[in-house]
Amino acid sequence: MADHDTNGSTPETATLSIGERSAVFPILKGNLGPDVIDIRKLTADTQMFSFDPGYGETASCRSAITFIDGDEGVLLHRGYPIEQLATEASFTETAYLLVYGELPTREDYERFQQDLKEQALLHEQIRNFFNGFRRDAHPMAILCGTVAALSAFYPDAVDISHEASRDLSTRRLIAKVPTIAAWAYKYTVGEPFVYPDNNLSFSENFLKMLFAKPNAEYKVNPVLARAIDRILILHADHEQNASTSTVRLVGSTGSNPFACIAAGIAALWGPAHGGANEAVLGMLAQIGTRENIPSFIAQVKDRESGVRLMGFGHRVYKNFDPRAKIMEQTYHEVVAELGLKHDPMFDLAAELEKIAVNDPYFVQRRLYPNVDFYSGLILKAMGIPTSMFTVLFAVARTVGWVSQWREMIEEPGQRIGRPRQLYVGEARRDYIPQCRRS
Ligand code: ACO
């Protein structure tokens with residue numbers, strides 16, 4: 001319980017009563033959002049741990065990178081609203097902001113972009129890695145393995161104690177992950193790898209590496225490049241989500257940054273996290289037609305079925321996901337640019353959304369469309385295969401991961417992450433030889 005002063009000012013401490021005993025804990029104040037009770041001395045003072053599976057109630061770190069107000073649908077990067085960044089900034093500018101804390105000057109920005117271009121090439125030896133994968137390998141498997149393998153190419157990166165080394169790794173990762181991602185796709189479709197082109201912007205270059213072929217001229221469509229850029233901005237960081245917390249946990253052991261980001265990619269792969277936009281299209285394909293929506297919704301409501309409405313709900317956003325609105329708008333821009341007829345899958349998604357947001361089951365549980373409900377539809381319209389959706393997310397989130405990793409390493413007194421547990425297994429017992437076991 002927070003200890004309120006008699007004059008009503010914000011409390012400085014919280015007192016925990018356990019039977020006759022009590023322990024007092026400091027309350028730490030952030031700049032925005034809820035204060036936190038500092039329980040670092042909980043065990044010393046009470047001989048108990050706190051119990052918080054999924055860490056939903058636990059602030060695992062201090063951070064100055066991203067702020068989310070889930071009730072109000074607010075997402076700020078270094079204080080700037082996501083809506084402004086998505087409409088006015090580029091992805092590389094947003095990346096600079098997330099990594100270094102401020103918007104770049106023109107000079108800093110040009111230098112940063114130039115560095116990323118120079119770092120986008122992969123060591124030629126990395127080409128050989130791809131041949132080790134089956135052609136039908138999921139591109140996330142290729143991405144995860146190859147990013148981890150980068151540690152073998154940059155042994156200097158193991159030294160994370162120097163700022164210059166961390167900075168070089170940061171730029172290498174932001175620049176090389178898109179090249180690996182595009183090559184993972186090319187490998188699975190059996191097309192030649194396309195090398196990065198320094199004349200293009202980050203997103204233009206990414207599109208070219210994905211879609212260009214040596215036997216035809218490839219002109220980047222600026223509307224599609226802008227859409228990709230926006231998707232990357234919207235996915236760049238999202239404070240202490242599962243993959244970012246994974247990167248921080250792995251990083252807390254002093255692992256090299258390539259290994260940390262590979263761990264983040266592994267965490268992102270799951271359908272409850274980065275795999276959701278891929279799962280949305282699978283779900284829409286499974287529903288098939290509007291007539292099937294009611295029976296699908298009935299299935300979702302049946303807890304025994306284990307079926308969820310993919311692209312709906314969020315651990316943090318409980319009213320709306322601000323990224324979902326920008327996604328929907330971007331989808332319309334892409335469809336108009338490509339002159340695509342109304343996509344039946346989009347109609348189905350719109351109908352599903354309309355039904356769900358008016359259904360008491362979803363309203364009571366505060367389940368609304370999240371960023372992934374529309375992102376898959378945009379990528380599909382652009383011709384990007386579903387298996388690449390999470391890969392694109394990883395390209396974007398690499399920026400958030402490295403920013404969070406740097407912040408953690410630079411935090412004074414940073415220690416290894418080590419959660420505790422409530423043990424519910426057997427008490428101590430003696431080993432029984434096999435011959436005496438019944
Ligand atoms: N469909 C149906 N019911 C749902 C859904 C959903 N998508 N999400 C939550 N619920 C229900 C739960 O069954 C539960 O119901 P109950 O109270 O009757 O038991 C209640 O809502 C609360 O659910 P939790 O699992 O506690 O919510 P949590 O915050 O842990 O989950 C999550 C968040 C994982 C995103 C969840 O909403 C989900 O699985 N959504 C679908 C997957 C998805 O779209 N993921 C993308 C997230 S965004 C991102 O990673 C970029």
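Numbering of ligands and ligand atoms starts at 1, following listing order.
- Identified under the salt bridge (charged side-chain N to carboxylate O under 4.0 Å, His left out) test for residues 305-322, with sequence neighbours left out: D321-R323.
- For the side-chain hydrogen bond (donor to acceptor under 3.5 Å, both in side chains) test, no residue two or more places apart in sequence or in another chain qualifies with E93.
- A salt bridge is absent between R78 and E102: the closest approach of a Lys/Arg side-chain nitrogen to an acidic carboxylate oxygen does not fall below 4.0 angstrom.
- Aromatic ring centres of H314 and H238 lie closer together than 6.0 Å.
- In terms of the side-chain hydrogen bond (donor to acceptor under 3.5 Å, both in side chains) criterion, residue partners of T244 (sequence neighbours excluded) are, by chain and number, N241.
- Note: W269 and H138 have tilted aromatic rings, judged against thresholds of 30 and 60 degrees for the angle between ring planes.
- Ligand 1 lies under 4.0 Å from heavy atoms of A272, H273, A276, V300, R303, R308, L309, M310, G311, F312, G313, H314, R315, K318, Y361, R365, L367, N370, V371, D372, F393.
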